[in-house]
There are 2 protein chains.
Amino acid sequence: MTLSTKGRILDAAEELFAEQGFSATSLRHITARARVNLAAVNYHFGTKDALVEAVFARRLIPMNKDRLQRLDRLVRAHAPQDPPLDRLIEAFIAPALELSRHATEGGARFLKLLGRSYTEPSALLQEQVREMYREVIDRFRPVFAQVLPDLPGDELYWRLHFLVGVLAYCMSGADMMRLIASCRVHDSLDTNMLTQRLTVFLTAGMRAPLPAVDAPTLPETAHA
Amino acid sequence: MTLSTKGRILDAAEELFAEQGFSATSLRHITARARVNLAAVNYHFGTKDALVEAVFARRLIPMNKDRLQRLDRLVRAHAPQDPPLDRLIEAFIAPALELSRHATEGGARFLKLLGRSYTEPSALLQEQVREMYREVIDRFRPVFAQVLPDLPGDELYWRLHFLVGVLAYCMSGADMMRLIASCRVHDSLDTNMLTQRLTVFLTAGMRAPLPAVDAPTLPETAHA
DNA sequence: GTCTATAGTCAGATAGAC
DNA sequence: GTCTATCTGACTATAGAC
């Protein structure tokens, strides 16, 4: 309950970054919400950029460890055969969505922040987050290739790209949802429900057969 | 070439917003790049927020008009039957991706900006962009429902959500791509290629049959 | 419409007492 | 480790000459 100064800063920063974005959130906001002194951020983290990185590392590193553990278990459980595609997808997306289960720990807030981070402009953050993801991608990609042997390599790249995109968007809890659905997002943000819906959608997308190569591309409708 | 002051500001703002985000971009940056006086922004647009809105409106309104035209043509061409799902999806995503075709006009930059806008925290921008999308959603949604009569309403909502998510992520040209693929995004950002790949993926995802209702959900793998 | 000059506020970061 | 006080610079926005 009475967290350390460092922990209180991380919590407050996570919260405000998720609500307002990084550059719109000042250290003064953060320290005020954390009820610590303004100078504490610079003392404990050095710079604002380093604080941003720490906010991500705190949850991203365990989350990716969870992903790798699930992948290992899945591959072992089915060896020497390939694991089912839907289970593979689930191993990738579930650890992210699980974060929202620990709502009291701020996991849900972080999920929103994480979703947005994929499209954040800051080159520095991009680099930091990418580094935290490298091992996950390196381990999942060859398994996907094995499970989907009919997909050419470049097509698989794109489809993984699409997969990550859906996940990122769902995590961000984009308010656009309120426009598409009349319902509110969080009313129905049941992790199991969402994981299952996502898995069904993504499994079908990943499995989509390629159109015959000699077929003409989609006919163009006139454009200016 | 020698654009009006207003146009030069819009171009420079679009460019910098796409590169750095909104709150990280100052009016000083914008006016410097546009080579106009600092006070010109406030003279022509009033406030920074109004400038942001103008940057979006300039391209979003024509883009959505294009979407509605394609939808109309498509429905008419197949009446009284339903249009094919892939053509319906294409009518929705192509007008967005087409923007990158007009690279000289900065369409590609705007595409990145648009992709990011879906997850932007600013409540004001959210509201403005949502308003510009309302008619598009209201017109496309019932046609999707007709083409996919087996999907329950709430499932359709989620799938449209997923669809928009993929599109947003692709538009943002997220650098995460460089991690998944070894290639660079823009090397292969051929609009037709991407539209076709997206259409194939999304058509399969939208068509995915629901798992039997009485079947247990995906078995849980242990989590802490 | 375009400029200069500036008001008024807020930012990140640090020095130095305790 | 935590505090106060402050430096230095940047920000949006506006007033008023031209």
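In the text below, chain A, chain B and the rest are named by the order of the sequence lines, each starting its count at 1.
- Listed by residue number, B:L38, B:A39, B:N42 are the residues of residues 31-43 of chain B with a heavy-atom contact under 4.0 Å to DNA chain D.
- D:dC11 atom C1' lies 14 Å from atom CD of B:Q20, rounded to whole Å.
- Ring centers of A:F17 and A:F56: at least 6.0 Å apart, outside the cut-off.
- The side chain to side chain contact (heavy atoms under 4.5 Å, CB included) test applied to A:A24 returns A:Q20, B:S23, not counting sequence neighbours.
- By the salt bridge (charged side-chain N to carboxylate O under 4.0 Å, His left out) test, A:R159 pairs with A:E155, sequence neighbours left out.
- The list of salt bridge (charged side-chain N to carboxylate O under 4.0 Å, His left out) pairs with a residue in residues 42-51 of chain A, not counting sequence neighbours, is empty.
- The footprint of chain A on DNA chain C, defined by a heavy-atom cutoff below 4.0 Å, extends from C:dA11 to C:dT14.
- Residue B:L51 contributes atom CG, which lies 15 Å from atom P of D:dC11 at whole-angstrom precision.
- In terms of the side chain to side chain contact (heavy atoms under 4.5 Å, CB included) criterion, residue partners of B:A57 (sequence neighbours excluded) are, by chain and number, B:I61, B:M132.
- The salt bridge (charged side-chain N to carboxylate O under 4.0 Å, His left out) pairs that include a residue from residues 16-40 of chain A are A:E15-A:R33, A:E19-A:R33, where partners are two or more places apart or lie in different chains.
- Take A:F140 and apply the ring pair (Phe, Tyr, Trp, His ring centres under 6.0 Å) test, not counting sequence neighbours, and it matches A:F92.
- For B:A123, the side chain to side chain contact (heavy atoms under 4.5 Å, CB included) criterion is met by no residue, not counting sequence neighbours.
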